[in-house]
Amino acid sequence: MLDNVNKVKEQLFSANTLYTELHQPSSETKIVFNDLVQLAKGNRQAWTRINPQQVMEQINQSLLLRRQYMSVLQALCFAYNPQQAAASSGLLINSRKSSEFELLYKVDKNFSGQVYVILKVPHPSQAHMDIGPSVNSCSEQVLYSVPFPPMVEGKSQLLMDDSDQRFLSIFDANFEIYLS
Amino acid sequence: MTNIINYGVSESLKALFAQLKETPGLQGRKYPAKEVDLLSQDIVCRNYGSSCYELCYLCWAVVNHPNYATHPLLQFFWVQENIQPRRFRQAFEKKLALPCGQMSMGEQYLQLQLIDGEFAISPTRIGVLALMLEFIVSIDPSQLDKIQQRLLNGNMHEVKQLSSDLQKCIYSYLKEHLPEASTQERFRAISAWLDKKGLSHQQLTDQHVLDFWLCPPEQASYIKYSTVLEDLLYAVDAIEVVNTRFNQDYALSLGSDIEQGQVNLDWVQNTLFEQQQEKLDFSWLCQTPKFLTLAQYQPLKSLLPHWQMFGKLPLSFLRLGVFSPWQSVLVQAKRRSSLAVQEKLDTSPQGHYQQYIAQLKQLQLQGTDVQRAIAHIFYCLKSPLFTGIMAKHLSASLQKALRSWTGQQLEETEADTLATSGFAMIQAWLLQHPEAQAWLKTAEKAYKANNKEGFKVLPCAQQLDIYHEGVQALDQIHRILSGYFAQLDKFNRENVLLETIYRSDLCIFTNRFKQLYGDPNVG
């Protein structure tokens, strides 16, 4: 009986000290499942609370998180465009086209190294027009998420550097595209 | 000497709970900080069995609901965020009869009728259950698909089995991230030390705390002063609670459990977190609206939970406030070089006891300013609640006049009229009292000077509850600090001056820090 009384005291002490420790600042940062969902949904309002680039960096550092993010994307995306099978590895394709959306780019004639990436969605969602779509490009090794401005008359465009890995991935045949 | 201090909560688990409070939802933060704290209480008390069980029934209802044919859990909890009572009620408002069971939303509960039994879920539980699911899928993402697969057309047996598996999943995670062995060892070390000294929990003094830190028990390598004080207080608390309450409620109601050597987790959690309302955690004041900054709250964080001990251990908390931050600086310096340690040892802590007290008094004043800003918000949104804040700052005669006028209005005016014209009546009263008008001007000034989140633009009337809670919390902090200052004044009068004690403490702490950090092989 006395042993058990001591056990209860120990339990109280443990719970109390662990609770205090648990709420101390951590030297690490961690993302929870909801952060992945918000990023996959392209929820721009959420970005005041999470930094999408930091979340994406963490996703890219963990195979488990990449798989998890991919599965959320697959469940929630507006449209999908697979790898372009016929293309050679490392070569840029000029455009991607599916029944739901089209992606192409035009070189800026005035500024070298700058490209306009144009996204066309014939039947955009309300969120695409109000907030803007996100283009997620995914390979086995790395994922990118690119937010586009709100769509006007089914079109949105983004000025990017032609050496930007996110641009290269969108037009890399080995990447899949999830539009959210 | 076995080091048992550094095996507590993992950084990863701390970061997970911090992020649960921050993660965004459809509007602002997805989970209220208070609910995250509730979940963390379940976790540290390892009392998550019943929540897991309840969650499995909730998931059963979602998975089998025809409105969520694809990715039901993702849709329900993350896309639609049906995690407030009202949204939960709406999601289940339609009565359903399915091959695997029935579900119907009643006044109080969502009633579930499975083929082999029934269960009821209160809409008020939805927030905590959604958080539990977030916690589970954040520690083991594969669980989301497993839950869906196992509960589709499932029966009670499957629900129970799943609940048991989810508990195992949490248990296995906590084994790595929240080990109890070290805290149990720490308790045993303190308990043995108290026995050896022949001290009861009531006899603990400032000198005992200092002695313990200077010469800790062999089996525990206590180094940080803050850990020593905190552990002693928690140990004394645990001993006192069990000694006073054990026979009353624990043994009476749970005789069979204790005979079998089991600890009743509900009792532990209830004792720690529900009955002890005095265990104060105001960290939510640093969120939105930001009543206090983290820097302002930091000195209060370690003080407030132990306010009942201020009278008994007044010096220990002063030492905590002044020497503990200095020790943290030395720990950091030790990681860099011996030279850095020497530099920090040569620099005395920032401010002596009187300065630390002045800093806390400054915090009180800042809290009052925030209350003024809130009074302005109430006034602008035509809420009579501003008078409650204002009254505390008026002259005694005007306070009395306001009280008597309010009492008279409440007595003479009908409730409907008060609801519609109450604010106009207060405005009329204000016109007659320049002192009150002048105070309102200071409130407006305080609001304009406050640039923190939640004070930049006026909130809407529906958001006023949290501001009201903020006012009450700041009042409570103000009272606690005033009580502490009174204890210190008394101590200052009865004993030698704090300045003298500080000089002596500075020698003691400096010598101990030299022992701990001056030697390259220690620390």
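Naming convention: chains lettered A, B, ... in sequence-line order (proteins, then strands); numbering from 1 in each chain.
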Enquirer: Is it the side chain or the backbone of B/Val79 that comes within 4.5 Å of chain A heavy atoms, both, or neither?
Expert: both
Enquirer: Are A/Asp35 and B/Pro24 close enough that some pair of their side-chain heavy atoms sits under 4.5 Å apart?
Expert: yes
Enquirer: Heavy-atom distance under 4.5 Å to chain A: side chain of B/Ala235, backbone, both or neither?
Expert: both
Enquirer: Decide yes or no for A/Lys30 and B/Ser12: does some side-chain heavy atom of the first lie under 4.5 Å from some side-chain heavy atom of the second?
Expert: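 Yes, at least one pair of side-chain atoms sits under 4.5 Å.
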Enquirer: Testing the basics here: between A/Tyr19 and B/Gln41, what is the closest heavy-atom pair and its distance to 0.1 Å?
Expert: CE1-CG, 3.6 Å
Enquirer: Is any side-chain heavy atom of A/Asn16 closer than 4.5 Å to a side-chain heavy atom of B/Asp237?
Expert: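 Heavy-atom side-chain distance check passes, below 4.5 Å.
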Enquirer: Has B/Glu11 got a side-chain atom pairing as donor or acceptor with A/Ser27's backbone, closer than 3.5 angstrom?
Expert: yes
Enquirer: Kindly give the heavy-atom pair with the smallest separation between A/Gln38 and B/Gly25, and that separation in Å.
Expert: NE2-CA, 4.4 Å
Enquirer: In this structure, are over 12 heavy atoms from other groups packed under 6.0 Å from B/Lys224 atom NZ?
Expert: no
Enquirer: Under 4.5 Å heavy-atom distance to chain A, tell me which part of B/Leu74 shows up: side chain, backbone, both or neither.
Expert: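 Looking at B/Leu74, just its side chain touches chain A.
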Enquirer: Checking heavy atoms, do the side chain of A/Leu64, its backbone, both or neither come under 4.5 Å from chain B?
Expert: side chain
Enquirer: Does one side chain, of A/Ser14 or B/Tyr234, offer a donor that lies under 3.5 Å from an acceptor on the other?
Expert: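 No, no side-chain donor-acceptor contact under 3.5 Å.
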Enquirer: Distance-only, no hydrogens or angles: does the B/Glu134 side chain make a donor-acceptor pair with backbone N or O of A/Asn34 under 3.5 Å?
Expert: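 Flag set: sc B/Glu134 to bb A/Asn34 pair under 3.5 Å.
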Enquirer: Is chain A contacted by the side chain of B/Asp37, its backbone, both, or neither, given a heavy-atom distance below 4.5 Å?
Expert: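 Both backbone and side chain.
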Enquirer: Is it the backbone or the side chain of B/Leu26 that comes under 4.5 Å from a heavy atom of chain A, or both, or neither?
Expert: both
Enquirer: I need the A/Ser71 OG to B/Leu144 CG distance, nearest 0.5 Å.
Expert: 7.5 Å
Enquirer: Examine whether an atom of B/Gln298 lies under 4.5 Å from a heavy atom of chain A, and if so say whether it belongs to the side chain, the backbone or both; otherwise answer neither.
Expert: neither
Enquirer: Heavy-atom distance under 4.5 Å between the side chains of A/Thr17 and B/Glu230, does that happen here?
Expert: no
Enquirer: Minimum heavy-atom separation for A/Phe33 and B/Ser138, please, with both atom names.
Expert: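 Answer, listing the atom of A/Phe33 first, then B/Ser138: N-OG, 3.0 Å.
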Enquirer: Do A/His23 and B/Ser283 get their side chains close enough for a donor-acceptor pair, meaning under 3.5 Å?
Expert: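 No, no side-chain donor-acceptor contact under 3.5 Å.
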Enquirer: Quick one: are B/His71 and A/Leu76 in side-chain contact, heavy atoms under 4.5 Å?
Expert: no
Enquirer: Give me the atom names and distance for the closest heavy-atom approach of B/Pro179 to A/Leu18.
Expert: O-CD2, 4.3 Å
Enquirer: Would you give the length of the straight line joining atom CG of A/Leu36 to atom CH2 of B/Trp78, rounded to the nearest 0.5 angstrom?
Expert: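 Reported value, rounded in 0.5 Å steps: 10.5 Å.
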Enquirer: Please classify the contact between B/Glu453 and chain A as side chain, backbone, both or neither, with a heavy-atom cut-off of under 4.5 Å.
Expert: side chain
Enquirer: Check whether any side-chain heavy atom of A/Phe13 sits under 4.5 Å from a side-chain heavy atom of B/Gln184, and report yes or no.
Expert: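 In short, these two side chains do not touch, never coming nearer than 4.5 Å.
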Enquirer: Could you state the interatomic distance from CG (A/Leu22) to CG (B/Leu178), rounded to the nearest 0.5 Å?
Expert: 7.0 Å
Enquirer: Taking C-beta and beyond as the side chain, do A/Glu28 and B/Lys14 meet within less than 4.5 Å on heavy atoms?
Expert: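 No - every pair of side-chain heavy atoms lies 4.5 Å or more apart.
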Enquirer: Could you check whether any side-chain heavy atom of B/Phe187 comes within less than 4.5 Å of a side-chain heavy atom of A/Asn6, counting everything from C-beta outward?
Expert: no
Enquirer: If I measure from the heavy atoms of chain B, does A/Val32 come under 4.5 Å with its side chain, its backbone, both, or neither?
Expert: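 Answer is both: backbone and side chain atoms of A/Val32 are under 4.5 Å from chain B.
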Enquirer: Could you tell me which portion of A/Gln68 (side chain, backbone, both or neither) has an atom closer than 4.5 angstrom to a non-hydrogen atom of chain B?
Expert: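 Contact with chain B is through the side chain of A/Gln68 alone.
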Enquirer: Can B/Arg186 and A/Glu21 be counted as an ion pair, charged N to O under 4.0 angstrom?
Expert: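 Judged by the 4.0 Å cut-off on N to carboxylate O distance, B/Arg186 and A/Glu21 do form a salt bridge.
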